[in-house]
Amino acid sequence: MSGAELTVGTWNVNSLRVRLPHLAQWLAATPLDVLGLQEIKLPDADFPGADLERLGLGGAWHGQKTYNGVALLAREPLAGVGRGIPGYGDPQARVIAGSVRGVRIVNVYVPNGQAVGSDKYAYKLEWLARLGAYLAGELARHPLLAVVGDYNIAPEDRDVHDPQAWEGQVHVSPGERAALGALLALGLVDVFRRFEQPERSYSWWDYRAAAFRRNAGLRIDLVLASSALAARCTGCRIDATPRRWERPSDHAPVLATFDLSA
DNA sequence: ATGGCTAACATGGTTAGA
């Protein structure tokens with residue numbers, strides 16, 4: 001949390017307005033330096049910046065009415081804040097970036113994709129291609145780069161509670177996995193898998209059909225790191241605690257810690 | 001069994017999520 005360590009989190013809160021009490025409760029128990037939020041679902045004018053300041057967090061946000069919206073919160077001032085993918089006139093607020101202690105952090109809310117073959121699926125793949133081109137430039141400028149967020153893609157079958165039932169569906173389709181593979185091929189590492197993890201580790205569970213109680217989930221919230229930053233990663237975990245609370249987000253936060261002293 | 005649940009916007013029922 002301080003000195004040589006940097007802890008970065010990511011959490012799809014599914015409405016910051018509704019989840020602000022959970023965020024406060026979780027932050028009180030969870031030391032971190034930087035936190036990317038997705039699906040804040042409010043315009044910038046309604047962003048609860050003063051509430052978050054009371055929780056010790058400043059930062060920057062990129063919101064819109066009703067849908068999407070991302071924020072990058074930090075205990076230290078953010079440098080070089082950027083919103084959206086440069087040169088891509090995306091009307092949906094899905095990306096915000098900033099730097100802390102020489103580490104570049106890009107926070108993403110990848111489109112859902114709805115169904116394979118749909119217009120939204122095509123948008124998802126186009127969006128991921130644009131993200132890849134943007135990240136290639138970010139990697140060239142920032143050796144220490146983390147790309148955190150809700151990817152809406154389960155990287156492998158072990159990230160899916162029932163791979164047979166999900167085969168070919170959106171979030172696991174070959175096209176999406178190829179797009180994620182293209183991001184990894186830039187030199188990014190899914191740091192969660194750098195460490196031993198519990199079997200059946202997921203970060204999202206459907207609200208319906210008692211999915212959380214059955215641990216019927218997907219691991220779709222990821223921390224990707226450049227090779228130089230991944231080499232400094234000392235741990236990565238999913239914190240399912242707030243998913244057990246009353247009126248939860250359907251996603252759990254993910255945390256990764258980096259030792260910057262080396 | 002193509003549902004189940006939650007949130008925004010609106011104030012009943014649609015859109016969207018994953």
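These figures come from a predicted structure and were not determined experimentally. What's counted below: heavy atoms across the whole structure, side chains too, no hydrogens, waters or symmetry copies. Letters A, B, ... are given to chains in the order of the sequence lines, protein chains preceding strands, and every chain is numbered from 1.
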How close or far is atom P of B/dT6 from atom OH of A/Tyr67, stated in whole angstroms? 18 Å

Could you walk me through whether A/Trp11 and A/Trp26 pass the ring-ring contact (aromatic ring centres under 6.0 Å, His included) check? CA-CA 11 Å; A/Trp11 193 5; A/Trp26 182 70; 5.2 Å; yes

With distance as the sole criterion, do the side chain of A/Asn112 and the base of B/dA18 form a donor-acceptor contact below 3.5 Å? yes

Within a strict 4.5 Å, meaning less than it, do heavy atoms of the A/Lys41 and A/Arg17 side chains meet? no

Atom CZ of A/Arg208 and atom P of B/dG17 are separated, to the nearest Å, by 13 Å

Sticking with atom P, work out how far B/dG3 lies from B/dT15, rounded to a whole angstrom. 14 Å

Taking any heavy-atom pair under 4.0 Å as a contact, classify A/Glu39: base, sugar-phosphate, or nothing. sugar-phosphate

Would you jot down, in residue-number order, the residues of residues 17-26 of chain A having a non-hydrogen atom under 4.0 Å from DNA chain B? A/Val18, A/Arg19

Whole-Å distance between B/dC9 C1' and A/Leu42 CG? 14 Å

Proximity to DNA chain B (any heavy atom under 4.0 Å), residues of residues 148-155 of chain A only: A/Asp150, A/Asn152

Residue pair A/Trp204/A/Tyr207 against DNA chain B: nearer the 5' end by closest nucleotide is A/Tyr207

What is the nucleic acid contact for A/Asn12, judged by heavy atoms within less than 4.0 Å: base, sugar-phosphate only, or nothing? sugar-phosphate

A/Gln38 CD to B/dG17 C1', straight-line distance once rounded to whole Å: 14 Å

Residues in contact with DNA chain B, drawn from residues 210-221 of chain A - heavy-atom cutoff 4.0 Å: A/Leu218, A/Ile220

Measure from NE2 on A/His171 to P on B/dA16 and round the result to the nearest Å. 15 Å

